[in-house]
Amino acid sequence: MAEEVPSSADDITRLLHERAAQLARRERGSDEATLLPHVAFQAAGQQFAVPLRYVVYASRLRHLTPIPGGPPYLLGICALAGHLVSVLDVAAFLDLRQRGLSDVACCLVVSYEGRELGLCAERLLGIEDVPAAAISPWQGGSSMIPQMATLPKLRLLLLDLPQLLSDPRLQEERQ
Amino acid sequence: MDELLREVIDIFVAEVREQADRISQALLTMEQQPSTIPTEIEELYRQAHSLKGSSASLGVEELSQLAHHLESALLPVRRHRSTLTAEMVDLGLKSLDAVKLRVVGLLADNEVGLAEVHRFAEQLEQLAQRHPLPAPSVGAQAVVDASAAPIESPPDDLRSDDIGEPIFAGASEAPDSVRVSIEKLAALIQHTDDLRRLRGQLERHQSEVTTMLRGLEKLLRTNAKNGDPDLKRTDEEIQHVVRGLRAMRRDLLDDIEGLQSTTGELDDGLRAIQLLPAALLSQPLHRAIREACRSTGKEATLVLRGEDVFLDRTLLEAIQTPLLHVVRNAVDHGIEDIAVREAIGKPAVGRISVTIEQRGSQVEITVEDDGRGLDVTRIREVAIKRSLLSATEAARLDEQEVYQLLLRPGFSTKEETTTLSGRGVGLDVVNTTVRKLHGSLTLESTPGAGALFVISVPLTVAASRLLMLEEQDHTFALPLPAVARIALPRREELVQFGGQTVYYIDGQPHTVLRLSKLLGQTHSGDVPNRQPLLILRGASGVAIACDKLRGEAELVLRPLPIELRRLPLLSSVAIVPSGPALFVLSPQGLLSTVGSLRMAHDARSRRRTVLVADDSITTRSLLRSVLEGGGYRVRTASDGDEALRIARSEPIDLVVSDVRMPRLDGIGLLQRLRSDPRTSTLPLVLFSGANNDEDKQRGLSAGASAYLAKSDFERGQLVDVVTQLLQEAGS
């Protein structure tokens with residue numbers, strides 16, 4: 001069926017508004033269906049997740065070398081498959097500990113703009129496809145965790161890795 | 001930034017830098033050796049043309065224009081119609097500096113260097129207009145160009161929009177080489193670390209298989225002794241497993257051997273890739289000397305030897321700046337003015353020789369000039385004027401000690417540079433850089449004949465020889481060149497003074513500090529016999545104690561992760577095959593922490609001055625050493641009279657006095673002190689050579705605070721007694 005040809009400037013404006021609204025609805029619908037793959041892990045009583053695209057390696061943690069004079073949230077350094085990383089206790093770093101860390105079993109090596117860091121985990125929970133609709137703002141007060149995801153069996157705190165890596169405590173300046 | 005440029009920016013920048021370097025080198029060579037002009041000018045034109053072409057093809061018009069004007073400015077030289085002037089060389093070199101600055105801007109996608117490139121392009125254009133060539137006909141041009149450079153020379157009137165196909169620098173010379181970024185190389189090195197770790201795991205598996213085999217073989221022997229026929233069938237099965245395990249062990253050994261050989265070759269190959277010829281220092285050195293000569297009106301030539309020595313890329317980059325500093329200084333402060341040189345019979349042109357040699361695992365770089373040498377008298381005067389030393393102290397220094405003054409931070413400020421006729425500018429920076437590379441800097445001089453600077457650094461900074469040590473169950477590494485000496489004292493050789501442990505090395509007291517204390521940790525456990533003590537270079541009077549030494553190793557070092565670079569005690573991470581990553585401690589960081597701890601200790605005992613009175617110089621020296629080792633200032637007197645005069649005129653906190661002395665003995669001194677209101681409460685420790693009860697009674701009755709026999713000194717009690725008395729006096 002041929003579309004009605006608008007006859008006036010007002011008609012054109014109205015038509016453009018309608019099309020924009022339609023596009024916006026379609027866009028939102030597709031967002032809600034989008035699945036965002038995250039790697040979920042557990043540490044110090046909290047369940048965290050980081051977007052899969054930032055994760056370059058995950059492994060059992062062996063040979064953790066403590067850092068003399070290092071801050072308490074950095075548990076040590078380790079070399080994993082060619083990645084030499086500091087291992088961060090995320091919960092301690094963000095002051096979100098519900099309980100102390102039990103034996104740290106795994107390390108998740110994440111990378112952003114060439115910078116690498118290890119995230120310590122008591123347990124890797126696996127790769128979770130997080131629907132966009134399951135994501136909501138998190139009111140925990142940390143800019144490094146702006147959002148959380150509520151899944152049927154998990155409630156994940158979503159780490160904003162670029163924000164985390166830009167924290168002054170993880171920068172190079174000497175004291 | 002243009003999309004195409006964005007894609008190839010790294011390659012383009014590397015290429016432009018190389019072209020700029022080659023053009024600079026050609027300019028410098030032509031200036032120094034005019035006979036090379038016919039060949040060097042063609043090389044210069046080839047590089048300039050490549051620069052012009054590749055820049056234009058990527059839309060970097062400013063570089064293309066500059067290269068074009070550079071060609072035009074130098075055309076009269078190429079056509080043999082003008083000599084190469086200093087002005088041409090100057091402008092050419094500055095233009096190329098601008099090119100290098102511009103590529104920094106291109107990398108950052110901003111305007112850095114753009115104005116400079118435009119400015120120098122304009123100046124080159126003006127220079128070209130001052131030496132115009134008659135406009136040739138097309139045919140004549142073709143003939144000239146063909147004779148000069150039949151294939152690669154561009155038409156001289158080429159406009160940037162005429163350029164057409166890009167020409168890539170080096171394409172005609174090295175078709176079998178490729179550029180590899182440092183990051184990619186670093187990633188490859190990381191993977192070789194993984195291979196080494198894998199080899200370690202295979203070795204462990206092989207060892208486990210061997211253990212299993214031995215167990216099974218033992219079981220078979222036991223069964224054979226028992227002669228139980230029922231076990232025969234089981235034994236056959238075990239034999240089968242044993243054969244399988246033996247085959248597996250052989251395979252594992254083959255694999256380990258193969259992996260060992262592969263990783264070894266990979267290591268060697270990667271290390272070779274990281275090596276660069278010392279010849280790369282040639283151009284920066286020539287330029288530094290040329291510029292220093294032009295600004296001082298002097299003349300000097302560079303003689304470079306050892307250009308074919310290959311050095312680690314990181315080392316070469318690190319050593320360049322200090323080396324340039326030393327040669328600039330050689331021109332500025334070593335080489336005399338032309339008139340002076342001629343008057344004293346030296347050649348008008350000074351000579352600066354830079355020699356690079358590999359000596360074992362060290363690289364030695366010697367910079368020698370034929371100038372006036374170091375002026376020891378003047379250096380002493382400056383040190384006294386700047387209150388670094390008293391006149392007496394300065395007079396005591398030997399020549400080497402005087403030279404070391406030049407390396408002191410801040411000794412050579414600009415003000416001193418103009419007044420100090422010896423060297424001085426920034427030598428502390430040179431020294432600091434060399435020390436960071438775990439190297440050393442030594443100076444020698446012959447008055448009137450010249451000075452010699454010798455920089456010695458480990459051959460490579462990527463893989464280092466490390467001393468492995470253990471403290472509190474953790475293993476650390478220290479760069480071996482930073483360790484001056486290792487001592488393994490018996491427990492009884494360690495002396496306790498005022499809460500500190502002191503160990504005497506060559507008669508000098510060394511305060512023992514635990515490594516764990518320097519690392520901010522508490523140490524638990526007793527001091528073992530033969531506890532290792534490390535004396536670091538540059539740490540006078542301090543020995544660092546650790547639990548164990550684990551030997552030496554040559555390991556590949558990795559930079560610290562960014563978030564750990566703020567920790568001053570750590571310098572890098574060493575990767576151990578099949579083991580955990582190890583922290584390499586920073587010798588500078590340790591020295592700095594030692595300094596802070598000593599300052600804190602000094603602050604606690606500051607202004608506590610002990611006056612020692614004894615007629616024996618040996619005893620005075622011994623007591624001075626013991627008390628200074630305990631952190632006190634010491635004044636000495638050779639008898640009671642002198643001690644009384646000092647105690648009345650100087651701030652003294654405590655007196656340690658012998659009983660028997662000429663003129664006024666210890667008891668007399670004590671009585672005079674007690675009768676004077678200014679000194680009546682001054683604590684005084686009396687001592688005598690023997691444990692003499694009569695002396696002791698007389699002393700204590702006269703008001704001595706304590707009485708010690710010499711044997712008490714040997715047990716290290718003096719500092720404890722002094723500390724306790726001063727604490728009581730303070731409270």
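Computed from heavy atoms alone, side chains included, the values below leave out hydrogens, waters and symmetry copies. Keep in mind it's a predicted model, so treat the numbers as computed, not measured.
Note that CG of B:Leu582 and OG1 of A:Thr65 are 6.5 Å apart. Values are rounded to the nearest 0.5 Å. Taking CD of A:Gln171 as the start and CZ of B:Arg566 as the end, the distance is 7.5 Å to the nearest 0.5 Å. To the nearest 0.5 Å, atoms CZ (A:Arg115) and CD1 (B:Ile562) are separated by 4.5 Å.
Considering only heavy-atom pairs separated by less than 4.5 Å from chain B, the leading option among A:Asp167, A:Leu84, A:Leu165 is A:Leu84.
A:Leu88 does not touch chain B: none of its heavy atoms, backbone or side chain, sits under 4.5 Å away.
Between B:Glu563 and the choices A:Leu117, A:Ile77, A:Val85, the side chain to side chain contact (heavy atoms under 4.5 Å, CB included) rule is met once, by A:Leu117.
The environment of A:Arg169 atom CZ is dense: over 12 non-hydrogen atoms of other residues, nucleotides or ligands sit within 6.0 angstrom.
Residues B:Phe476 and A:Pro68 come closest through the heavy atom pair CE2-CG, 3.6 Å. Across all their heavy atoms, B:His474 and A:Pro66 have their closest contact at CE1-CG, 3.3 Å.
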